[in-house]
Colleague: 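Dropping a structure here in structure tokens format, bear with me for questions.
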There are 2 protein chains.
Amino acid sequence: MTALSDHRTAIRPTMADVAAEAHVSVKTVSRVVNHEPGVRPDTAERVRAVIERLGFRRHDGARMMRQGRTFTIALVVEDLANPFYSQIGAAVEREARIRQHQLITASAEGSPTRERAVIEALINRRVDGIVVVPADESASSDAAVEASQTPIVYMDRPVRGTPRDTVLSDNHGGIRSAVEHLVAHGHRSIALFGDDPAFWTARQRREAFVATQQSLGLPGPPRVSMGPHSPASVRETLTLWTETSDPTTAVITGNNRITIALLLALRDLRRPLSLVGYDDFELADLVDPPVTVVHQDPAAMGQKAAQQLFARLLGDESPAQTVVMPTRLVVRGSGLRRSTTTR
Amino acid sequence: MTALSDHRTAIRPTMADVAAEAHVSVKTVSRVVNHEPGVRPDTAERVRAVIERLGFRRHDGARMMRQGRTFTIALVVEDLANPFYSQIGAAVEREARIRQHQLITASAEGSPTRERAVIEALINRRVDGIVVVPADESASSDAAVEASQTPIVYMDRPVRGTPRDTVLSDNHGGIRSAVEHLVAHGHRSIALFGDDPAFWTARQRREAFVATQQSLGLPGPPRVSMGPHSPASVRETLTLWTETSDPTTAVITGNNRITIALLLALRDLRRPLSLVGYDDFELADLVDPPVTVVHQDPAAMGQKAAQQLFARLLGDESPAQTVVMPTRLVVRGSGLRRSTTTR
DNA sequence: TTGAAAGCGGTACCAC
DNA sequence: GTGGTACCGCTTTCAA
């Protein structure tokens, strides 16, 4: 053991240190560490003993660099604290872990600029692939992604430009199931409180609502109010629509947040309105009456996206594909026809 | 441009490629890329032009290796989809991003074995530091952490062995505030539905409950039921405790999940019990009556842990410190004294 | 079965 | 100002 190796060992032993101690070459240490065949058992044993004694741990950074792969994928979303995204994150991480990969998660906070910066940083780190819930449809980082050849999968919303693998939710089907459910329970005058039309998903759901309403032959022009909403604005609009000769008897919301705003508004109004919310939420069962919802499955979407990404990493060269994940109507009661006396 | 560089450029240009094209040394390219001073403006401009033309992007893996730092920290929790952890995750990621670091998140799924494997993999990757919500108190990966010298911060629960930086929540204060609130509203017979005593936090809260009950001079032996719970088991216990000569009039829960089980049980029982839940939840406002809770601030805890970690990365060598984060009682109404006629 | 040497793509150090 | 070169710690290649 030289003075040098002695010193280095104290900090972080390398394969060279192990090799010196075990009187073998670095290559042999490498073989042992990576369980490569072709090492005599006793040699391997000796090397393993030294590894153990010195507390050697392979420096994966060096390995990645030489191999040109990082065994890392990344997930870029708007806000990791949002349940929709955190469920996606958990699913993607799981798929990564199963395949011995690690996951870098990053928030873009809804800003295309930040999203681009984040994605470029990830490319510089040579992550093997990226899953992105894009901030908008502009594909802000398209050029960088293109040049880097880094496989990317988009989720929840499509982006313009070069077609890429994309996992969407069936917004049309989700809204249709909501409308049909309400109609089946006798509703004819249904309103939609959608999200800000700046969001692609919000526009999709609005279109689906209008189309379904027409295809079912419901009377009158569709009543649609797009966000952003507050409980107050919702209350106002609701009052308007329920005090006509053709009062709205049921409401569909465009997402989670709006469902909550609506529940608050309904509580104040004390009006017997039926409701189907978009997005499931934890306490839907505990509200009175329990809230019927269109359930998107973020975990399934995340899993699907990760699987698509790993297929690319394994060499799948087929054309970019878009997958639309089904939604599920969870009936809990709030969609039933309700009389004033119910409350 | 040689044939070699021609080929390489098509894949991924390196500093050597840029240097050759710009007729400067690699070192000069490095200087330009890193905005180091001491490069003539026109040289820098020429280099930048080539960088642009070739689409060069620095390989951060190589840089990290040379510098011995990865500009990466990691977060290990039980389940990324759990709101408590995902809020921590969002906060930690934010602190990392502000400091130009990236965050690797990993789930240990509550298994100490998996946790150890995950942490060792992170150490092998030479992450600069790790934040861990440990699966148990065993500090399963302590030896590896010790040897690797990787800074680590524990959250929510302490671990045995070598003292390390730890961020805890004030379980005692949280429970005390809940009990005091109920007592202030006239309750004298209060019960606790705690979580599985296998969890350190659950035991802490139980102890706090018993201690507070005694210090306030409440009558009788403390009524405590530790988990795991189901709505059915909760209902059974509640029935027992409310049908004595000294009926329980208020309940404190040990966490989020139990609060929900309790709400379901209460709905079935239709008994006028007051309630203070541990952990805030999104729709606490919408339940009838709105649920008063002890709010832990996972975002603040995550932020604090990340800040402590970065202090270490910046060279803070002071002794390991434990920080206890305060909780906040969010009064919403369910803690008030309720008569049978209220429902 | 084993090892020597050349890289992977940058940065650090020191000449010029 | 600029460049040469060793080197981070491992894998790859090829020879012995």
Side-chain angles (χ1 to χ4, degrees), chain A residues 4-5 7-9 11-48 50-51 54-71 121 123-128 148, chain B residues 4-5 7-9 11-48 50-51 54-71 123-126 128 148:
Chain A
L4 175 65
S5 101
H7 170 72
R8 302 198 36 66
T9 304
I11 308 302
R12 265 182 169 162
T14 69
M15 279 193 181
D17 296 316
V18 175
E21 282 286 294
H23 305 292
V24 294
S25 74
V26 185
K27 177 65 218 186
T28 295
V29 177
S30 173
R31 287 193 180 97
V32 173
V33 168
N34 298 303
H35 308 100
E36 281 171 38
V39 180
R40 256 205 341 249
D42 59 325
T43 310
E45 195 39 63
R46 187 155 35 100
V47 171
R48 269 193 292 270
V50 175
I51 287 177
L54 262 42
F56 166 82
R57 335 206 88 237
R58 181 179 64 197
H59 187 312
D60 281 341
R63 161 175 243 239
M64 291 167 190
M65 183 163 163
R66 187 65 244 237
Q67 298 193 147
R69 307 183 44 196
T70 56
F71 291 89
I123 290 174
N124 284 357
R125 290 186 67 131
R126 304 297 193 264
V127 295
D128 295 335
S148 72
Chain B
L4 174 67
S5 101
H7 170 70
R8 300 198 37 66
T9 303
I11 307 304
R12 265 181 170 164
T14 69
M15 279 194 182
D17 297 315
V18 175
E21 282 287 293
H23 304 292
V24 294
S25 75
V26 193
K27 179 64 220 187
T28 295
V29 177
S30 174
R31 287 194 180 95
V32 172
V33 169
N34 298 302
H35 308 100
E36 281 172 36
V39 180
R40 256 205 342 250
D42 59 324
T43 311
E45 195 39 62
R46 187 155 37 99
V47 171
R48 268 193 293 270
V50 175
I51 287 177
L54 263 42
F56 165 82
R57 335 205 90 237
R58 180 180 63 198
H59 188 312
D60 281 342
R63 160 176 244 239
M64 290 167 191
M65 185 162 163
R66 186 63 245 233
Q67 299 193 148
R69 307 184 43 196
T70 55
F71 291 89
I123 290 174
N124 284 357
R125 292 186 66 131
R126 304 297 193 263
D128 296 333
S148 72

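From a predicted model like this one, the values you see are computed outputs, not experimental measurements. In what follows, chains are A, B, ... by sequence order, proteins preceding strands, each numbered from 1.
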Colleague: Taking for each residue the nucleotide of DNA chain D bearing the nearest heavy atom, is the 5' side occupied by B:Thr28 or by B:Arg126?
Modeller: B:Thr28
Colleague: Rounded to the Å, how far apart are A:Asp42 CG and C:dT2 C1'?
Modeller: 12 Å
Colleague: Between D:dT2 and B:Thr43, is there an OP1 or OP2 to side-chain N/O distance shorter than 4.0 Å?
Modeller: yes
Colleague: Using the side chain to side chain contact (heavy atoms under 4.5 Å, CB included) criterion, which residues pair with A:Val33? Sequence neighbours excluded.
Modeller: A:Met15, A:Val29, A:Ile51, A:Phe56, A:Arg58
Colleague: Could you report the tightest heavy-atom contact between A:Arg57 and B:Asn124, atom names first, then the distance?
Modeller: NH1-OD1, 2.8 Å
Colleague: Rounded to the nearest Å, what distance is computed from the NE2 atom of residue A:His23 to the P atom of nucleotide C:dG3?
Modeller: 12 Å
Colleague: Can you see which heavy atom on B:Thr43 is nearest to which on B:Val24, and at what distance?
Modeller: CG2-CG1, 3.9 Å
Colleague: Between A:Asn124 (CG) and C:dG10 (C1'), how many Å, whole number?
Modeller: 13 Å
Colleague: Give the minimum heavy-atom separation between B:Val50 and B:Ala22, together with the two atoms involved.
Modeller: CG2-CB, 3.8 Å
Colleague: With a cut-off of less than 4.0 Å, is there a side-chain N or O of B:Ser25 near OP1 or OP2 of D:dT2?
Modeller: no
Colleague: Rounding to an integer number of Å, can you tell me how far B:Met65 CE sits from D:dC10 C1'?
Modeller: 6 Å
Colleague: Specify the separation, in whole Å, of atom CZ of B:Arg57 and atom P of C:dG10.
Modeller: 12 Å
Colleague: How many whole angstroms separate atom CG of B:Asp60 from atom C1' of C:dC8?
Modeller: 15 Å
Colleague: Got B:Val32 and B:Arg48 here, is their nearest side-chain heavy-atom distance under 4.5 Å?
Modeller: yes
Colleague: Sugar-phosphate means primed atoms, P, OP1 and OP2; the rest is base. With that split, encode nucleotides 11-16 of chain D 5' to 3' as B, S or - using protein heavy atoms under 4.0 Å.
Modeller: BBB---
Colleague: Do the non-hydrogen side-chain atoms of A:Val18 and A:Glu21 ever get within less than 4.5 Å of each other?
Modeller: no
Colleague: Would you classify A:Arg69 as touching base, sugar-phosphate or nothing, given that sugar-phosphate means primed atoms plus P, OP1 and OP2, and contacts are heavy atoms under 4.0 Å?
Modeller: nothing
Colleague: Over how many whole Å does the gap from A:Asp17 atom CG to D:dG9 atom C1' extend?
Modeller: 10 Å
Colleague: Side chains of A:Asn34 and A:Arg63: is there a donor and an acceptor less than 3.5 Å apart?
Modeller: yes
Colleague: Side chains of B:Arg125 and A:Met64: does their closest heavy-atom pair fall under 4.5 Å?
Modeller: yes
Colleague: Note the angle between the end axes of the helix from C:dT1-D:dA16 to C:dC16-D:dG1, five pairs defining each, rounded to 10 degrees.
Modeller: 40°
Colleague: Answer yes or no: is there a donor N or O on one side and an acceptor on the other, between the side chain of A:Arg126 and the main chain of B:Asp60, under 3.5 Å?
Modeller: no
